[in-house]
Amino acid sequence: MSAMPPEVLDFIRKRVVADVEEGKLADGIVTRFPPEPNGFLHIGHAKSIALNFGVAEEYGGKTFLRFDDTNPLAESEEFVQAIQRDVRWLGYDWEDRLTFASDYFHELYYFAEKLIEGGHAFVCDLSSDEIRSTRGTLTTPGTSSPYRNRTEEENLNLFREMRAGKFQEGTKVLRAKIDMSSPNINLRDPVIYRILFAEHHRTGTEWCIYPMYDFTHCICDALEKISHSLCTLEFEDHRPLYDWVIEHIGVNHHPPQIEFSRLGLEYNVMSKRIYTSLIEQGFLSGWDDPRVPTISGLRRRGVPPASIREFTRRIGVTKQDNLVETELLDFCIRREFEESAPRSMAVLDPLKVVVTNYEGQDERLEAPWHPKHDELGEKTLTFGREIYIERTDFSEDPPRKYRRLTINGMVRLRYAFIIRCDEVIKDIEGKITELHVTYFPESRSGQDTSGLKPKGVIHFVSGNNAVPAEFRLFDKLFTTRIPDTNNIDEQINRESLVVKQGYIEGAMHKADFSQIQFERAGYFVEDQESTSESPVYNRTVTLSDGYKVPVSVN
RNA sequence: UGGGGUGUCGCCAAGUGGUAAGGCAACGGGCUUUGAACCCGUCAUUCGUAGGUUCGAAUCCUACCACCCCAGCCA
């Protein structure tokens, strides 16, 4: 696989290039994407995936997909499968480099014993509460465990007994012996192994002790000869511990940990906890709800993987905290579909229109599937006495510069005829129920001899050509740019899902397109719940809208 | 008032001593049977603030300010 690096290199790619030029990479460029299989991947992970796989592709390296599965309480095979599917869908291939931290449990155990033998780790009998209270605070040093000075032999025996299941959970842990007064709390004799009588999704009941992240991750990186261990900023404080472990276990490969900032997206949170809660409340339909920025949610919404890749390319990689506007993602989606998506007309919120001077059978009209790409072919639509237009395309009291239908006004029906509105029919409550219009037979699209110049063009579906369909329109899930996770319920956008019952054109119903642009309405994808009898379309993104409702100046 | 980071246009983001790239958004205009797309143009005398060094500073020095992360037997 090869790919071009971005035109402007980020600091990580610059570092990679420099390392290559200096001949520092005896084993080549090797990266890894290390998810914990405890949830679904979201767009923030996509940034990391694109970085790790991208760097390797661009510079002839390799990437491991390594599951960081050291906490059997939280992890499951379900997530292992979902994550693999998502990474693959995004367009990345780990080939034969699928690994698990649990693949290395024996090596990890071996290194733990080596650490003990070197006097660098000890078995501690303190409870977790005691460990916490002796750790000190941000401004005061911690105090050493009374078990800190056990002999190597005692530690080794105890650790072996831990492994053999002789002790209850929580009664003993293995701790690295570093420095209880370090200003870096991670170095205050961190726990590196704990007892957990839990079944692991891969190793079953083989182990009752499990290594902690800080001990595991760096060793796995070293064993896989990772050349650049890329992670997010919150691990910066862990780097000294990462280095400490590598230096004290005696391996000959020491990957550099390099940190970058995680992705922030406006009006979104990247919190598993919150989405889990919204799903449980029934506000969201699941992890693949199209309003959620999970990979599966984006996929269901219709966002193509290429757009996500383009998005990650455009946001760059830095150490600055960032909050990217959703407009950029929207742009990347539209960019992907503009040339390729066939066009169709659909009426999302129908208003019935009677063409009073039309008699007889429907007339057939030809229209291209794409105005710029003839190779996509043509379709047939019809025009008849009864048609549907969009409710928002008619106004009794039009604002200035309104270019749609008004009373006594004219408008062209896309690919069909010009009509003039003569009469507005309302029910007793004053709601408009239908329009009576006149059409101009000589204004037929492509052979217009009417000389009429209406100011606007609107879309329509003919009554005899209309197939009922459901449209699901999505908006921001939260009302705040930076949702406060403490009182998230108050910031939920209750209008984030709007369902409309309207019509698609017959030719569209018969066709089999994965993506479509309903003209003037946006790009849509057929939802997984859609059937031929009751089609359902998800709006992936709206079209960008140059029309601004004029501000009324009174 | 410990430690680790970050501060360049509304949002991303280049630039690392030679006089502020680019993208998104926005705003004008052209074109248009999608108010789309497309095409043109505008958009930081200024780089968190204040001093200093220098012929010259976003880039070097000093002080200050703001924001983010860290006290799981989570990752």
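Sequence lines set the chain letters: A, B, ... in the order given, protein chains first and strands last, and positions in each chain run from 1. Just so it is clear, the model here is predicted, and its values are computed rather than measured.
B:G52 and B:A57 are spaced 11 Å apart, taking the C1' atom of each and rounding to whole Å. Distance check on atom P: B:U46 versus B:G10 gives 13 Å, rounded to whole Å. Here the separation of B:C9 from B:U62, taken at their C1' atoms, is 28 Å to the nearest Å. Between B:G5 and B:C61, the distance separating the two P atoms is 16 Å to the nearest Å. Straight-line distance between the P atoms of B:A58 and B:A26: roughly 31 Å, to the nearest whole Å. Rounded to a whole angstrom, the distance from the C1' atom of B:G56 to that of B:G18 is 7 Å. For B:U6 and B:A13, the C1' atoms lie 14 Å apart once the distance is rounded to whole Å.
The aromatic rings of A:Phe518 and A:Tyr537 sit perpendicular to each other, their planes meeting at more than 60°, with 30° as the lower class boundary. Relative ring orientation between A:His42 and A:His45 is described as tilted, the plane-to-plane angle lying within the 30° to 60° band.
Residue contacts shown for A:Arg343 include a base, since a base heavy atom lies under 4.0 Å away. A:Ser544 comes within 4.0 angstrom of sugar-phosphate atoms only, judged by non-hydrogen atoms across all strands, and of no base. The residue A:Lys372 sits close to a base: some heavy atom pair falls under 4.0 Å. Counting any heavy atom pair closer than 4.0 Å across all strands shown, A:Leu265 reaches no nucleic acid atom. Using a 4.0 Å heavy-atom distance criterion, A:Gln517 is classed as a base contact. Residue A:His459 is classed as having no contact, given no heavy-atom separation below 4.0 Å to the nucleic acid.
Heavy-atom distances under 4.0 Å link RNA chain B to A:Asp68, A:Thr70, A:Asn71 of residues 67-77 of chain A, given in residue order. Only A:Pro183, A:Ile185, A:Val191, listed by number, bring a heavy atom of residues 182-192 of chain A to less than 4.0 angstrom from any atom of RNA chain B.
Between the side chain of A:Glu259 and the base of B:G5 there is no donor-acceptor pair of N/O atoms closer than 3.5 Å. Side-chain to base pairing of A:His370 with B:A37: no donor and acceptor N or O lie closer than 3.5 Å to each other. Looking at A:Arg520, its side chain has no donor and acceptor atom pair within 3.5 Å of the base of B:U34. The base of B:G72 has none of its N or O atoms less than 3.5 Å from a complementary donor or acceptor on the side chain of A:Arg132.
Pairing for B:G10 is with B:C24, a Watson-Crick or G-U wobble pair whose two hydrogen-bonding atom distances lie under 3.5 Å. Checking B:G2 for Watson-Crick or G-U wobble geometry (two distances, each under 3.5 Å) identifies B:C70 as its partner.
Ranking B:C73, B:G5, B:A75 by closeness to the A:Leu233 side chain, first place goes to B:G5. Listed nucleotides: B:U34, B:C73, B:G7. Nearest to the side chain of A:Met212: B:C73. Which of B:C38, B:C24, B:C74 sits closest to the side chain of A:Arg194 comes down to B:C74. With B:A75, B:U33, B:G35 as the candidates, the nucleotide lying closest to the side chain of A:Asp545 is B:G35. Closest approach to the A:Leu138 side chain among B:C70, B:A36, B:A13 is made by B:C70 (side chain taken as heavy atoms from C-beta onward). Here the nucleotide nearest the side chain of A:Lys14, chosen from B:G15, B:A36, B:C24, is B:G15. Closest to the side chain of A:Thr318, from the set B:A36, B:C24, B:A14, is B:A14. The side chain of A:Thr137 lies closest to B:A71, out of B:A71, B:G7, B:C12.
A distance of 5.5 Å separates CD1 of A:Ile226 from CG of A:Asp221, quoted to the nearest 0.5 Å.
Cation-pi contact between A:Lys500 and A:Phe471: absent, since separation from the ring centre below 6.0 Å together with deviation from the ring axis within 45° is not met.
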